[in-house]
Each structure stands twice: as C-alpha cells, then as structure tokens.
Number of protein chains: 2
Amino acid sequence: MSNKNFKVNRQNKLLELATKCLARNPNASLLEIADFAGIGIATLHRYFPGRNDLLHAISSKALDLVEDSLEKVDFTQPDIRLFFTRIITELIPLGDRMYFLAADIFTIHDEELTKREMNIAQRFIEKIKESQVDKQLRNDMKAEWMYDMMFNTIFLIWKYVHDGKMAAKDAPELVVSTLLDGFRDD
Amino acid sequence: MSNKNFKVNRQNKLLELATKCLARNPNASLLEIADFAGIGIATLHRYFPGRNDLLHAISSKALDLVEDSLEKVDFTQPDIRLFFTRIITELIPLGDRMYFLAADIFTIHDEELTKREMNIAQRFIEKIKESQVDKQLRNDMKAEWMYDMMFNTIFLIWKYVHDGKMAAKDAPELVVSTLLDGFRDD
DNA sequence: ATTAAATGATATATTTTTATATCATTTAAG
DNA sequence: CTTAAATGATATAAAAATATATCATTTAAT
C-alpha cells in the first residue's frame, strides 16, 4: 500500500518534470525527457510504455488539476466579476502544467479526455449564460466565445508569468479587467 | 525570367500547402507534407533542403503576409476602433497561413525573423500608446499586453472561422468589440 | 540483515524520419 | 520538333527516435 503510494508519488513527480520539459520544447524526445527528469530511459518506459501513454497521462493530470480547482470555487457566486477573479486566481498557479490543454500538438484524440474537457467548458458556459440573463454580461456575444476567450487569455498570462513579465499576484486582476472591461477608456 | 517566376509561384503554392498540412498536424513528416502537396519527396527537398529550411520559409512567408497587410492599413487613422477594425479585417483572411506565428512549436530561433516580428509589434504598440495618451484606450494597462491580447484573439477567431463556427465577415466586429468593450454589459 | 522490488546505465533492436541518388517521364522554351 | 530543365517515383543511405532486454546497484519493507 505505502509502496504503491510511493510509486504514485514518483509517477506524479515524473509527470510534472516531463510536462515542464515538454513545455520548454514540445518536440523533446523521450530520452531528453528522461534526462530532464533525472531518470533512466528504461524507467520512463516502465512508467509509461510509450510516448502516447505519457502524453495521455499528462493531459489527464492537467484535467485533474483543473477539476480540482473548480471544486474549490463557488459556482453560485452571483457576482460574475468576483467569480471570474476567484477562478482565475485558482488557475494561474497551475502554470505550465496546463500548457497541454492549450497546445494543439499534444491533443490526444481520446474520448474520455474530450468528454472531461467538454464538461469543464459546459460548467463555465452555463455560468456565463446566467450572467447574461441577469445583465451582468453582454447578450450579443456567444457564451462559448467568452469561455474560449477566458481560457485563451489565461494561457497568455501564464506565459507572461512564466517569462517574468508579470507578478503572479497581479495576474488575476489584469485578466479579469481585460475580459470584462476591455481596452476602451471610459 | 518567366522560368524563374514559374518556379517561384510553384514554391509559393508548395509553401501554402505545406502550411495547411502542418496546421492540421504540426508533427507531419516531410513525406506526409509532400504527399499532401501532391509532389514527390525529392522535389520537396529540391525546394527546401531540410525541414528547418521549410519551416523557416513558412515563417518568413507568414511575416511577408502580415507586413503586406500592414502596408494596406493607415496607421495615422486617429480613431482606434476604426484602426483595429481595419487591421483585423485585413489579417483574418490570412487564416492558417498565420498559424506559425502563434504556435511555439515552429518558432525558428532566427535573428532576422525575430527582428521582423519585433518591428511589427513595435508599430502596433506605438499606435496603442498614442491612443492611451489621447484617452481612447485605458492607461492602466501596458500597451504590450494589449498587443499580445489582440494577436491572441485573432488566432482564436481564426480557429473559429476555420472550424466553421463563425462567418469570416462577422469576425472583425466580434474581435474588436471583445477587445475594446469587454464582456461587461453596460 | 535479508530479501524482493525498483532503478539507472548500457546495449541493442526496431521503427520512423530525414536526406540523397538514380532514372524514366513530363514539361516548357526556343 | 528538339533540347534542356524539372519532376515524381523509387531505391537507398543516414540519422534520430522509440522500444526492449540485461544486469549490477540502490532502495524500501520486513
């Protein structure tokens, strides 16, 4: 039992390092990934039989993290600005472990993963639609578009934080204000 | 002379098809690219000695297209909304030929290309800064951020148009309004 | 301390990708 | 029509990536 947990933790650590390596160079070979993680190529193959298995595990883990984040957020929060701030504050620290949900390259065409992604999207889109009904958000724009913009913007701010162009603590406010208020001076 | 133009046109056509192929599958092999373009792998190598040469040419061509688009746009247009609408209308039809400027995967670490990208960015950033001074755009946000958001949003709408989620003609207004006005209902 | 499992290094095999060479056929120009 | 260049198909070489096997060493559990 504790043995199994040890293995699981090691696997998680490996996943995290593999993710970081691939975020730096999406074309990294398995050998490069193993070196980066400080393990032998043989061990990498023991944990993940093939490249696809690794990519799938990374994607799945990324979805785990997002799902966990959503658990912590109150979707009944009536103020959409507070809601957005809360969720984005939660998501930003996930950093490059999220890279994979954005980069098409890694998209594993897997029914289960796609389904999970769609479920996440659906929760947001419904929340957005509610806010459209009660006039907090514009009604002349599709909720799906707003959702995609939100995630797209989060990916952009991740890069900013990663590149040191912005402090993580300032990120949520910038993202929320950009999305809700736009660039226009009023 | 006309012989040379024939070759150049053929090369352009090949570049376009290669780009489309890579946009669909960024890990496409050279053989897949050649097949997609309906030419032999030998011919592909004749035009582009190696994979990097091809990627470099694609990136360069993409920058050509953006630069050409900028040429058509009046940067002295004082109304920033009209300016944004104009430039985005110009950029959207470039479609997946632009994919490469967004996807990190293809980033060729090439001084010349980086320089050209930076020049393009600089023109926009200066325009944005001017609009901040005359109170058309918010002053509490870095111009660089607005620029990155703009391109990021254009990439997103490209996907929408490509996937048939949106008519190309409706795209510019949505992008401009999203960026300038935000999601908030007011 | 002993034992069994896991690991990393290494060697090696397999597969895939990239690159080059050859040649008959097609194409464009004069 | 003739000629020279360009092309695509094919073969093949070279390189890179992926996968498997072996084994001495390390590690964790008892």
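These numbers were taken from a predicted model, which means no experiment stands behind them. Every chain is numbered from 1 and lettered A, B, ... according to where its sequence line falls, protein lines coming before strand lines.
Distance, Asn52(A) CG to dT15(C) P: 17 Å, rounded to whole Å. Between the CD atom of Gln11(A) and the P atom of dT7(C) there is a distance of 10 Å, rounded to whole Å. Rounded to a whole Å, the CG atom of Leu31(A) is 11 Å from the P atom of dA9(C). In this entry the distance linking CG of Asp35(A) with P of dT10(C) reads 11 Å, nearest Å. Atom P of nucleotide dT18(D) and atom CG of Asp53(A) are separated by 13 Å, given to the nearest angstrom. One can place CD1 of Ile41(B) at 16 Å from C1' of dT22(C), the figure rounded to the nearest angstrom. Counting to the nearest Å, the P atom of dT17(C) and the CZ atom of Arg51(B) are 9 Å from each other. Spacing between atom CG of Leu44(A) and atom P of dT18(D) amounts to 10 Å, rounded to whole angstrom units.
By the 6.0 Å and 45° rule, Lys127(A) stacks over the aromatic ring of Phe83(A).
Between Asp181(B) and Arg184(A), at least one side-chain N (NZ, or NE/NH1/NH2) sits under 4.0 Å from a carboxylate O, which counts as a salt bridge.
Using a 4.0 Å heavy-atom cutoff across all strands shown, Ser29(A) reaches sugar-phosphate atoms only and no base atom.
A sub-4.0 Å separation between OP1 or OP2 of dT7(C) and a side-chain N or O of Tyr47(A) is present. OP1 or OP2 of dT7(D) has not a single side-chain nitrogen or oxygen of Thr43(B) nearer than 4.0 Å.
Picking from dG8(D), dA19(C), dA19(D) the nucleotide with the shortest atom distance to the side chain of Ala42(B) gives dG8(D). The side chain of Arg46(B) has dC23(C) as its nearest neighbour among dC23(C), dT18(C), dT18(D). The side chain of Ile39(B) lies closest to dG8(D), out of dG8(D), dT7(C), dT20(C).
If you take CZ on Phe124(A) and CG on Asn119(A), they are separated by 12.5 Å, rounding to the nearest 0.5 Å. The structure places OG1 of Thr153(A) at 6.0 Å from CH2 of Trp145(B), a figure rounded to the nearest 0.5 Å.
Side chains of Leu15(A) and Phe48(A) form a contact here, defined as non-hydrogen atoms less than 4.5 Å apart.
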